[in-house]
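Accompanying notes for the structure given below.
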Protein chains: 2
Amino acid sequence: MAREKKIDMVVLGLLSHEPLTGYDIKKEIDGAISFFWKGSFGNIYPTLKELEAQGLVARSAGKTEESGREKIAYSITDSGREALKEWLNDEKVSNELRYETLLKLFFGGNAGRDITLKNIEAFERKIAADLKLLKFYKGNLEKVLDDEDHVYFYLTVSFGVETYEAYLKWCAKAKKLLKERIKR
Amino acid sequence: MAREKKIDMVVLGLLSHEPLTGYDIKKEIDGAISFFWKGSFGNIYPTLKELEAQGLVARSAGKTEESGREKIAYSITDSGREALKEWLNDEKVSNELRYETLLKLFFGGNAGRDITLKNIEAFERKIAADLKLLKFYKGNLEKVLDDEDHVYFYLTVSFGVETYEAYLKWCAKAKKLLKERIKR
DNA sequence: GTGCTAATATATCAAACAGATACATCAAAA
DNA sequence: TTTTGATGTATCTGTTTGATATATTAGCAC
């Protein structure tokens, strides 16, 4: 992660669709994107400032835009779009999983099968709930695939559905194995 | 991540099997564990010091243990085992993905189908290579399942195999969809 | 029409982490 | 012989997370 910020590209990517405030960006990231990437105010606001200084984004509506309410919407510039394309065109990626569930599973020998089973079941419940949401997204996107952008959203959500179903399949197998081979 | 260190538990978990140096720990993490968790010297060494101060680990072999070579091996204490069990017994987990591939896919509309296809193919190659390694691990573990610890290692590796196969399945589908629906 | 609550919105901070690098020792190959 | 690569400890910078502080505004109850 260090030495190559990715949140920059998340922000630019979201702004490539429409102008947004920092708060809007946070909301978007907390939606479908949160399944594969996260963001916080702690890096969104500083990033917006940096990107503005670099000329990759611009304020599309300054302070006090009607009411006295402070609200700063940003939009992407041409250089911003170029930077986004450059990143997309670079094959190099870093994909990182940090699965505490698997960590607990790996060291499960220290706690015994009952506790491991309990942990797997908690994981299973969470995944089943998220899968429902993903399938809902997928169903909606299927209806609007003639829009080019939606093709990409659809593929992303499909990735989630496919992998979450594999997780559930594994959960069933794992539970069976742990129950069958009774602890001596 | 902040406010809840997990690397502590990785270190304790590894030391629960055998005494290790910081360097050994790094090597272990870079092996099978790296599929679902990572660690760096930058947090392993400070963690060992903290755990030692807390009495959860102890130096099992001090400096200059035969030759003049500096080598500090740590082993887990009873309190350390207790802390590990407490963590294992806590159902709360945070599972995080940070998939730059999916980020590029999600914003693929800005670059076009050819570039997105190229990125999917790079992902596919990487996953196919890693899957081979995972299957090799799995094959070896299948032979020694009578050891209780190996059951947990086996389940962890199985998780990897299962999900990586789902990734490849998705890659095939995604490539097909992107090629079929020719860009207008 | 006043007070309460939730959502909106900007902003900063400390802790945790990744990746790089520095430095040193040692074994084996070239 | 030297130089390469593995071992080993350690630190630094930049990035990210999660928490928190501070206001404003809209909706609702009373």
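Bear in mind the structure is a predicted one, so any value in this text is a computation, not a measurement. Throughout, a chain's letter reflects where its sequence line sits, starting with A, and its residues are numbered from 1.
Among the protein residues, G42(B) comes within range of the nucleic acid bases, having at least one heavy atom under 4.0 Å from a base atom. Contacts of N43(A) with the nucleic acid, taken as non-hydrogen atoms under 4.0 Å apart, include base atoms.
Residue order along DNA chain D, read from the 5' end via each residue's closest nucleotide, puts T21(B) first among T21(B) and K38(A).
Within the structure, every side-chain polar atom (N or O) of Y45(A) is placed at least 4.0 Å from both OP1 and OP2 of dA11(C). At least one side-chain nitrogen or oxygen of K71(B) sits closer than 4.0 Å to the OP1 or OP2 atom of dG8(D). Between Y23(A) and the phosphate of dT10(C), there is no side-chain N or O to OP1/OP2 separation shorter than 4.0 Å. A sub-4.0 Å separation between OP1 or OP2 of dT11(D) and a side-chain N or O of K49(B) is present.
Rounded to a whole Å, the CG atom of L20(A) is 14 Å from the C1' atom of dT8(C). What separates CD1 of I7(B) from C1' of dA15(C) is a distance of 15 Å, to the nearest Å. Atoms OH (Y74(B)) and P (dG8(D)) sit 14 Å apart, rounded to a whole Å. dA18(C) atom C1' lies 16 Å from atom CG of L97(A), rounded to whole Å. Separating the CD1 atom of I44(A) from the P atom of dT15(D) is a distance of 16 Å, rounded to the nearest angstrom. Spacing between atom CZ of F41(A) and atom C1' of dA7(C) amounts to 11 Å, rounded to whole angstrom units. When rounded to the nearest whole Å, the span between CG of D8(A) and P of dG14(D) equals 15 Å. At whole-Å resolution of the value, NZ in K6(B) and P in dT17(D) are 12 Å apart.
Under the 3.5 Å distance criterion, with hydrogens and angles disregarded, a donor-acceptor pair is assigned to the side chains of K6(B) and S94(B).
In this structure, I115(A) is not a member of the same hydrophobic cluster as Y99(A), with clusters built from ILVMFWY side-chain heavy atoms closer than 4.5 Å.
Side chain of S40(B), nearest nucleotide from dG19(C), dT9(D), dA11(C): dG19(C).
We find the CZ-OG1 distance between R59(A) and T21(A) to be 12.0 Å, quoted to the nearest 0.5 Å. One distance of note links OH of Y45(A) with OG of S40(A); it measures 11.0 Å at 0.5 Å rounding.
Using a 4.0 Å cut-off between charged side-chain N and carboxylate O, E100(B) and K92(A) make no salt bridge.
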